[in-house]
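A short worksheet on the structure shown next.
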Amino acid sequence: MPDPRPNILYIMSDDHASHAMSCYGSRINRTPNLDRIADGGMRFDNCFCTNSICTPSRAVILTGTYNHINGVTTLDSRLDGRQVTMPKLLQAAGYQTAIVGKWHLGHGGDADPTGFDYWNVLPGQGLYHNPEMIEMGERKTFPGYATDLITDFSLDWLQQRDPNRPFFLMCHHKAPHRPWEPDEKHAALYEDEEIPYPETFNDDYSNRAAAAAAAKMRIDRDMTLTDLKQPTPEGLTPEEEKKWKYQRYIKDYLRCVASIDDNVGRLLDWLEAEGLADNTIVVYTSDQGFFLGDHGWYDKRFMYEESLRMPFIIRHPRSIAAGSANEQMILNVDFAPTFLDYAGVAIPDDFQGSSFRSLLGGTTPDGWQTSMYYRYWMHLAHHHVYAHYGVRTLHHKLIYYYADALGTPGSLDDPKEPEWEMFDLDADPYELKSVYHDPAYASVKAALTEELHRLQAQVGDVPYDHPSARGA
Ligand code: CA
């Protein structure tokens, strides 16, 4: 009798914001193959990461724990593979396991992938064109485009697997991470179009804490020649130049996304051709969101919506109603418990997330989470974003910029004055005006501050040691 447990095909890209997916109502592109997953399953509209940066988010997904627990707080961290991870537990339960593509959790010794029968990963960030990859510890260079190659190697592994045992495959794309290098096939896409501009393209960063204005991720000022791939034309007004840079950036970003979409289509076609679509859970997500010109920015890191929100679409015809959408809050720390739940594997007590399998079945459990804890540790590194933590509820967000490296590797030791920010997400969905000091929000502020400290204690993190950390 064949093993009834579902296969799990987990496809994750790097920095793909949900507002560049047509199943999320994108105004700027179409993603027909990603839409096949959403149309055949469930779209989550409130999936959030607990730390909006590549390496830490990946560690959360693998371990089911927050970064202060799994030790991967910044890009300089390595994942200690001796800890319990979700792939190890699936492997021990008889799943065939593999990871292909971006790893970005360190290399060598305890940092190499563990819990995988097969691994073939990019070193560090990896290259878009003719990438070097590390296949089971051996470095090799492959001709071709990373997104195609990662899909090729995923299909190769699927083809040679034992069909009598279920599989768990993590197909991790490098794209559409900076520097957004498209392949030949998509290089001319959008060439004669003007991509629409986001509502907050000309944000002036007023009415917020100092952190927003201090960040160095502005399209008009901070993009490099590597990002833009050609010199800025002369004779443009500042406004024209900003628009020109946005078009250069967003078109290359969307071209990289188009290649992902094509390649996801290849995997879906293969599942259908093999008769595996019915009992394979297919997930498409990204390690965090991204600013697509929103607030005049590229990049991520902030607890603001565009960066905090992850796309999450999931298909499994046997257990998930086609074409459904869910507004409940799920977090990247919940992925591991959910996959273990589907595999019939006991969820370890020290995993911090919760399985959302009931949500997939159309039932919201009593007491399901309505708030989440966030922390970004990389004070001032790379894009001059202040270290912060905060809480998001269904309607509000409270952020505390403690703005201190605290000696964390991957942060810069130059403390700034701590500051609070609060947003009414219903009245101000783009987070343009902090209401932290607005007397009309005094009771909301008190409740959110209490909730922040409750969640912080619950996950085992500690408040910043400063008089202002208790809230004003
Ligand atoms: Ca990323």
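One is the number of the first residue; the rest follow in order along the sequence. First listed ligand is number 1; within each ligand, the first listed atom is number 1. Quantities reported herein were computed from a predicted structural model and do not represent experimental measurements.
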Item to check | His129 ring center within less than 6.0 Å of Tyr145 ring center | outcome: yes
Next on the checklist: Would you say the Ca ion (ligand 1) has Cys54 as a near neighbour, meaning an N/O/S atom of that residue under 3.0 Å away?
Outcome noted: yes
Item to check | Of the N, O or S atoms in Asp15, the one nearest the Ca ion (ligand 1) | outcome: OD1
Item to check | Heteroatom N/O/S of Ser286 within less than 3.0 Å of the Ca ion (ligand 1) | outcome: no
Checklist entry - In Asp287, which N, O or S atom comes closest to the Ca ion (ligand 1)? => result OD2
Item to check | Sole candidate of Trp377, Tyr464, Tyr376 that passes ring pair (Phe, Tyr, Trp, His ring centres under 6.0 Å) when paired with His388 | outcome: Tyr376
Checklist entry - Given Asp287, which of Lys174, Lys102, Arg58, Lys300 fulfils the salt bridge (Lys or Arg N to Asp or Glu O under 4.0 Å) condition? => result Arg58
Checklist entry - Any side-chain donor-acceptor pair under 3.5 Å between Asp148 and Thr151? => result no
Checklist entry - Does the ring centre of His383 sit less than 6.0 Å away from the ring centre of Tyr298? => result yes
Checklist entry - For the Ca ion (ligand 1), which N, O or S atom of Asp14 is at the shortest distance? => result OD1
